[in-house]
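These notes are about the structure you will find just below.
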There are 2 protein chains.
Amino acid sequence: MTKDGTADAAIPKGCPLDLVMRLLSGEWTTHILWVLSNNGPTRHGELRRRVEGISSKVLTDRLRMLEQEGVVFRDYEPTVPPKVTYGLTDHGRELDDALRSIHGIAERWG
Amino acid sequence: MTKDGTADAAIPKGCPLDLVMRLLSGEWTTHILWVLSNNGPTRHGELRRRVEGISSKVLTDRLRMLEQEGVVFRDYEPTVPPKVTYGLTDHGRELDDALRSIHGIAERWG
DNA sequence: TAAAGTAGGCACCGTTTGGTAACTAAGGAA
DNA sequence: TTCCTTAGTTACCAAACGGTGCCTACTTTA
């Protein structure tokens with residue numbers, strides 16, 4: 001307990017919603033999913049061009065997070081130069097549907 | 001254009017989804033909505049007790065954001081001491097439904 | 001008489017975040 | 001020969017974020 005009267009509980013939670021929200025809450029993340037959904041599997045370079053304004057660093061970072069949560073797959077072909085393609089998994093498509101429904105709701109709000 | 005090859009477009013967007021995600025992306029925000037949804041209209045103090053670990057500052061901050069977007073209402077009774085009650089608006093309940101659906105999806109993922 | 005609760009506001013401070021630039025190695029084009 | 005492309009990685013830096021403690025002014029409770 002702090003002087004504030006606040007309980008200083010660590011937030012273990014493990015709440016499923018919390019996990020997804022943390023995944024989505026970073027800058028650019030929903031934009032990336034949006035492009036992958038509209039464009040289908042896309043290579044790193046094109047993805048960077050389509051998500052206008054994102055840097056290579058952040059793009060890679062977000063893709064790694066999304067991959068780790070099983071929302072996006074990564075296909076690596078060890079050619080020279082390498083060809084890496086990213087796309088939505090089944091989970092990713094489910095999540096995208098949910099985001100589209102939120103989009104619709106917010107759109108109706110004006 | 002940066003040295004990176006990145007387009008340095010400002011992100012005007014005004015995308016409805018983006019707006020909602022920015023609203024929800026802060027720490028504690030979904031937790032607050034969750035409690036308001038389960039508990040009904042709640043005063044500041046009790047809200048702080050139910051959202052275990054949140055500080056008064058951040059709680060007020062989040063409530064102001066949610067109020068500004070019309071997701072939460074604020075009822076101020078100028079008694080002494082004042083009584084301030086927060087609750088979900090119609091928009092808030094819509095948003096909560098969407099979050100519950102995401103919760104359901106994520107829960108099924110294991 | 002002293003403590004606690006009411007709903008915050010304000011200042012300070014460390015951590016996290018995101019942006020920028022520079023670099024990799026090998027192939028293809030001007 | 002120099003530039004561009006592939007898919008990143010790394011270092012550096014400024015800004016944003018969130019946590020903590022202290023303050024108010026009045027009422028109720030111990």
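When reading the values below, keep in mind they use all heavy atoms of this one structure, side chains included, and skip hydrogens, waters and symmetry mates. First the proteins, then the strands, lettered A, B, ... as listed; each starts at 1.
- In this structure, the nucleotide among D/dA7, D/dG19, D/dT27 sitting nearest to the side chain of B/Pro81 is D/dT27.
- Atom CG in A/Leu59 sits roughly 13 Å away from atom C1' in C/dG18 (whole-Å rounding).
- When each of D/dG19, C/dG8, D/dT27 is scored by its nearest atom to the side-chain atoms of B/Thr60, the top-ranked nucleotide is C/dG8.
- Annotation: side chain to side chain contact (heavy atoms under 4.5 Å, CB included) contacts of B/Pro82 (sequence neighbours excluded): B/Tyr76.
- Legend: residues meeting side-chain hydrogen bond (donor to acceptor under 3.5 Å, both in side chains) with B/Arg43, ordered by chain and number and at least two apart, are absent.
- Between the CZ atom of A/Arg22 and the C1' atom of D/dG18 there is a distance of 12 Å, rounded to whole Å.
- Distance from the side chain of B/Val58 is smallest for D/dG19 among the nucleotides C/dT6, D/dG19, D/dA7.
- Here the C1' atom of nucleotide C/dA7 and the CZ atom of B/Arg43 are 9 Å apart, to the nearest Å.
- Here the side chain of A/Val80 is nearest to one of D/dT20, D/dA7, C/dG27, namely C/dG27.
- Contacts between residues 61-73 of chain B and DNA chain C, counted as heavy-atom distances below 4.0 Å, involve B/Arg64.
- At a cut-off of 3.5 angstrom, counting only N and O atoms as typed in the model, there is a donor on one side and an acceptor on the other between the side-chain of B/Ser56 and the base of C/dG8.
- In summary, the side chains of A/Arg22 and B/Ser25 do not present any donor paired with an acceptor at a separation below 3.5 Å, with no hydrogens or angles considered.
- Spacing between atom NE2 of A/His44 and atom C1' of D/dT5 amounts to 12 Å, rounded to whole angstrom units.
- Residue A/Lys57 places no side-chain atom within donor-acceptor reach of the base of D/dG8, judged by atom type and a 3.5 Å distance cut-off alone.
- The stretch residues 67-81 of chain B participates, sequence neighbours left out, in no salt bridge (charged side-chain N to carboxylate O under 4.0 Å, His left out) pair at all.
- Donor-acceptor pairing under 3.5 Å is recorded for the side chains of A/Ser56 and A/His44.
- The phosphate of D/dT6 has neither OP1 nor OP2 within less than 4.0 Å of any side-chain N or O from A/Tyr76.
- With rounding to whole Å, B/Glu27 atom CD is found 10 Å from C/dT17 atom P.
- Listed by first and then second residue, the ring pair (Phe, Tyr, Trp, His ring centres under 6.0 Å) pairs that reach into residues 80-110 of chain A are A/Trp34-A/His103, A/His91-B/Trp109, A/Trp109-B/His91, sequence neighbours excluded.
- With rounding to whole Å, B/Lys83 atom NZ is found 14 Å from C/dG8 atom P.
- An OP1 or OP2 oxygen of D/dG19 is reached within less than 4.0 angstrom by a side-chain nitrogen or oxygen of B/Trp28.
- Rounded to an integer number of Å, the gap from A/Arg48 CZ to C/dA21 P is 13 Å.
- Residues satisfying the side-chain hydrogen bond (donor to acceptor under 3.5 Å, both in side chains) test with B/Glu46, not counting sequence neighbours, are B/Arg50.
- What separates CG of B/Asp75 from P of C/dG8 is a distance of 11 Å, to the nearest Å.
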